[in-house]
Amino acid sequence: MLNQELAQILSLMADYLDMDEAFFESRAYSKVARVLESMEQDVGVIYQKGGIKAIKQIQGVGQGIAYKIEEYIKTGRVSRLGQLKKKCPVDLENLSRVEGLGPRKIKILYKKLKIKNLKDLGKAAKAGKVALLDGFGSQSEQNILGAIKFVKASNERFPIGEILPLVREIIKELEDLPLGGQISLAGSLRRMKETIKDADILITSNKPEQVMEHFVKIKGVVKIWAQGKTKSSVRFKKGFDCDLRVVKKKSFGAALQYFTGSKDHNISTRKIAKKKGLKLNEYGVYKGDRQIAGKTEKQVYQAIGLPYIEPELRTNSGEIEAGLNNQLPKLIGYDDIKGDVHCHTNWSDGRESIKSLARAAKKFGYQYLAITDHAGFLKIAHALDEKQLIKQMSQIDKVNQKLSGIKLIKGAEVDIRPDGSLAIEDKVLAQLGLVIGAVHSMFKMNRKDMTQRLIKAMNNPNLNIVAHPTGRVFRKRQGYQLDWPIIFKAAKKTRTALEINAHTTRLDLKDIHIRQAIESGVKLVISADVHPISYLSMVEYGIAQARRGWAESKDILNTRPLKSFLKYFE
DNA sequence: GCCGTTTTCGGCCCGACTGTTTTCAGTCG
């Protein structure tokens with residue numbers, strides 16, 4: 001996707017400009033970089049359709065940056081970046097990954113010691129040359145040496161599912177201390193972003209030193225970046241950083257609002273405050289020197305004329321305008337799902353028998369469960385054929401008779417062939433209660449062909465749901481490109497639901513597509529693609545994804561009771 | 001470099017921590 005490439009280049013340019021002390025110019029570039037990162041439409045497409053004029057419509061883009069975007073689209077490079085690099089030819093991308101090194105210090109390192117990259121930096125630090133520079137000392141030299149080691153490990157963001165459980169344990173440990181009061185997650189974890197770089201926790205306490213002393217010694221801490229009275233920062237063995245902040249009770253809400261972000265959301269809220277003659281910071285909302293709100297987030301938002309905005313919405317992508325106009329969505333709740341509709345058993349590649357999975361789902365609180373083992377040609381996952389499917393159906397009937405309190409739906413996850421046909425005969429599919437279609441082959445088809453492939457599948461009246469619609473897998477596969485408006489149109493017309501696959505390695509659909517799907521009138525389901533029982537609880541990440549896509553309960557079919565869930569597909 | 005219900009010029013969000021400084025610059029979120 002062109003947006004991500006361009007965002008990276010613009011943000012790199014911002015860093016070089018920072019080094020050049022062109023601070024406000026730098027800010028303009030990084031602002032556009034952030035906009036591009038979270039923008040749904042591809043810049044390349046925008047340019048194709050509307051030329052440079054359309055590019056200038058993008059938030060924060062004026063004449064100058066528009067031309068640079070055009071240059072990148074046409075030639076694949078931005079010559080200004082080359083000029084900036086020439087001025088100070090250092091590997092800014094990697095050097096600034098070292099904690100404590102920013103553009104200014106990197107410039108000093110280059111001017112004084114000709115340090116251009118991590119290798120040079122390591123050598124110089126080992127030789128004790130860095131400590132002698134102005135603004136550096138032996139302490140920072142040691143930090144640099146330590147940080148270089150960590151750069152490799154911190155190269156990536158983590159799927160939320162790998163971090164949230166760990167951070168909840170940390171929070172639990174802090175809660176158990178007799179020192180603290182209120183405690184909460186903050187940052188991107190509280191916003192339930194799909195990938196996480198570091199974790200933020202807020203706590204109120206009148207013994208901050210003791211809280212911090214305990215925090216930096218929690219099991220798994222491998223490095224203490226900072227330890228102060230109000231803020232401490234540590235690195236965990238897993239490779240992510242965690243910040244703990246101690247705040248005052250009367251500022252807890254303001255701090256929570258502030259540290260939950262996103263950065264852009266905060267900039268907008270502070271601008272609104274400023275317009276009203278108020279000041280908003282992490283201590284509260286102030287009229288002159290007087291705090292007029294701060295204890296709770298709700299009060300903070302109220303004080304600046306906004307309703308409470310759910311953390312998942314705080315991305316500065318319309319939630320503030322919606323709030324001002326009283327048009328915020330009533331987001332789907334974390335307890336609203338009535339049943340999982342994408343599960344595998346030991347008939348294909350799952351772990352559990354039909355019966356034990358059903359029992360576990362009942363215990364989890366579900367009213368129904370769709371058994372959707374692989375069917376078709378995916379032999380690696382022991383896909384079932386027509387004969388086996390029929391056999392399984394009668395087995396499910398038997399279990400249904402024996403179990404009370406939960407209903408099983410006879411289903412299948414059928415392979416969608418490259419030509420868009422389904423890999424199981426229609427007359428067998430017609431007997432099933434729920435048919436999920438999924439692409440498991442030929443991922444590299446181009447946008448047009450893949451779109452046609454899915455449309456043909458959706459036009460099969462037996463198909464109810466398209467599973468993991470883009471096929472992306474974190475750290476493994478980028479996912480195929482689809483022509484979304486066409487897909488949404490077809491999904492609506494054929495009453496095909498799109499899946500929000502909640503498995504932490506997938507989280508597919510993405511938030512922006514969820515939002516577009518809903519705007520297009522397409523219905524969705526949230527399912528955990530259950531293999532072992534433990535996956536059931538991953539539904540939380542799918543719900544979070546849906547909330548970030550502005551989904552309400554009515555948009556998600558499996559928030560309905562069984563009857564009305566199935567009715568949609570009739 | 002961008003932007004405009006005070007503005008086409010003159011602003012651009014705001015504060016803590018660190019290391020080194022001996023009052024602050026740089027970094028970070």
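This one's a predicted model, so the numbers in the text were calculated from it and none came from an experiment. Values reported hereafter were calculated over all heavy atoms of this structure, with side chains retained and with hydrogens, waters and symmetry mates removed. Residue numbers begin at 1 in each chain, while the letters A, B, ... track the order of the sequences.
- Side-chain contact annotation: A:Gln545 with A:Lys510, donor-acceptor N/O pair under 3.5 Å absent.
- Between the CD atom of A:Glu25 and the C1' atom of B:dG10 there is a distance of 16 Å, rounded to whole Å.
- Nucleotide B:dG10 forms a Watson-Crick or G-U wobble pair with B:dC3, both donor-acceptor distances falling under 3.5 Å.
- Only the P atoms considered, B:dC28 is 23 Å distant from B:dT22, to the nearest whole Å.
- Contacts of A:Phe488 classified as ring pair (Phe, Tyr, Trp, His ring centres under 6.0 Å), with partners at least two apart in sequence or in another chain: A:Trp484.
- When the shell of 6.0 Å around CD of A:Glu93 is examined, it contains 12 or fewer heavy atoms from other residues, nucleotides or ligands.
- Listed pair A:Lys107 / B:dG26 fails the phosphate criterion, with no side-chain N or O lying under 4.0 Å from OP1 or OP2.
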Close N or O pairs between protein and nucleotides 3-8 of chain B (under 3.5 Å):
residue : atom : partner : partner atom : Å
B:dC3   : OP1  : A:Gly60 : N            : 3.0

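- In this view, A:Lys74 and A:Tyr47, A:Glu70 satisfy the side-chain contact (heavy atoms from CB on, under 4.5 Å) rule, not counting sequence neighbours.
- Every side chain to side chain donor-acceptor pair (under 3.5 Å) that A:Glu25 has, sequence neighbours left out, goes to A:Arg80.
- Regarding A:Ile55, its CD1 atom lies at a distance of 13 Å from the P atom of B:dC2, rounded to whole Å.
- Across B:dC14, B:dG1, B:dG15, the shortest atom-to-atom separation from the side chain of A:Lys68 is found for B:dG1.
- Distance CG (A:Leu36) to P (B:dC2): 13 Å, rounded to an integer number of Å.
- Judged as a ring pair (Phe, Tyr, Trp, His ring centres under 6.0 Å), and not counting sequence neighbours, A:Tyr110 has no contacts.
- Residue order along DNA chain B, read from the 5' end via each residue's closest nucleotide, puts A:Leu280 first among A:Leu133 and A:Leu280.
- Toward the 5′ end of DNA chain B lies the nearest nucleotide of A:Ile267, the other residue of the pair A:Ile267 and A:Tyr283 mapping further downstream.
- Across B:dT21 and B:dT27, the matching C1' atoms stand 16 Å from one another, rounded to whole Å.
- Distance check on atom C1': B:dT23 versus B:dG19 gives 14 Å, rounded to whole Å.
- Using a 4.0 Å heavy-atom cutoff across all strands shown, A:Ser232 reaches no nucleic acid atom at all.
- Between A:Lys172 and A:Asp176 there is a salt bridge, since at least one side-chain N of the basic residue sits less than 4.0 Å from a carboxylate O of the acidic one.
- Between B:dG1 and B:dT6, the distance separating the two C1' atoms is 23 Å to the nearest Å.
- Annotation: B:dC9 and B:dC14 have their C1' atoms spaced 24 Å apart (nearest Å).
- The phosphate of B:dG15 (OP1 or OP2) has a side-chain N or O of A:Asn281 nearer than 4.0 angstrom.
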Donor-acceptor pairs under 3.5 angstrom involving side-chain atoms of residues 283-292 of chain A: please list them, not counting sequence neighbours.
residue  : atom : partner  : partner atom : Å
A:Gln291 : NE2  : A:Lys250 : O            : 3.0
A:Gln291 : NE2  : A:Tyr283 : O            : 2.8

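- For the pair A:Ile108 CD1 and B:dG26 C1', the interatomic distance rounds to 9 Å; values are reported in whole Å.
- Rounded to whole Å, the C1' atom of B:dG15 lies 24 Å from the corresponding atom of B:dG10.
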Give me, pair by pair, the N or O atoms of the protein and of nucleotides 27-29 of chain B that are less than 3.5 Å apart, along with how far apart they are.
residue : atom : partner  : partner atom : Å
B:dT27  : OP1  : A:Gly102 : N            : 2.7
B:dT27  : OP1  : A:Gly102 : O            : 2.8
B:dT27  : OP1  : A:Arg104 : N            : 3.4
B:dT27  : OP1  : A:Lys105 : N            : 2.7
B:dT27  : OP2  : A:Arg104 : N            : 3.2
B:dC28  : OP1  : A:Gly100 : N            : 2.9
B:dG29  : N2   : A:Tyr258 : OH           : 2.4

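- By the 5.5 angstrom centroid cut-off and the 30-degree plane limit, A:Phe24 is classified as stacked against the base of B:dC12.
- Comparing the P positions of B:dG11 and B:dT7 gives a spacing of 14 Å, expressed to the nearest Å.
- Among the heavy atoms of the strands lying under 4.0 Å from A:Gln227 are primed sugar atoms or P, OP1, OP2 only; no base atom is included.
- For A:His265, the side chain to side chain donor-acceptor pair (under 3.5 Å) partners are A:Tyr301, A:Glu319, not counting sequence neighbours.
- Rounded to whole angstrom, the span from the CG atom of A:Asp134 across to the P atom of B:dT20 amounts to 11 Å.
- When rounded to the nearest whole Å, the span between NZ of A:Lys271 and C1' of B:dC14 equals 13 Å.
- Protein atom CD1 of A:Ile69 is 9 Å distant from nucleotide atom P of B:dC2, rounded to whole Å.
- Every side chain to side chain donor-acceptor pair (under 3.5 Å) that A:Asp91 has, sequence neighbours left out, goes to A:Asn94.
- Taking the charged nitrogens against the carboxylate oxygens, A:Glu540 and A:Arg168 do have a contact shorter than 4.0 Å, which makes a salt bridge.
- For A:Ala226, taking side-chain heavy atoms from C-beta onward, the closest of the listed nucleotides B:dT18, B:dG1, B:dA16 is B:dT18.
- Nucleotide B:dG1 holds its P atom 15 Å from the CG atom of A:Asp18, rounded to whole Å.
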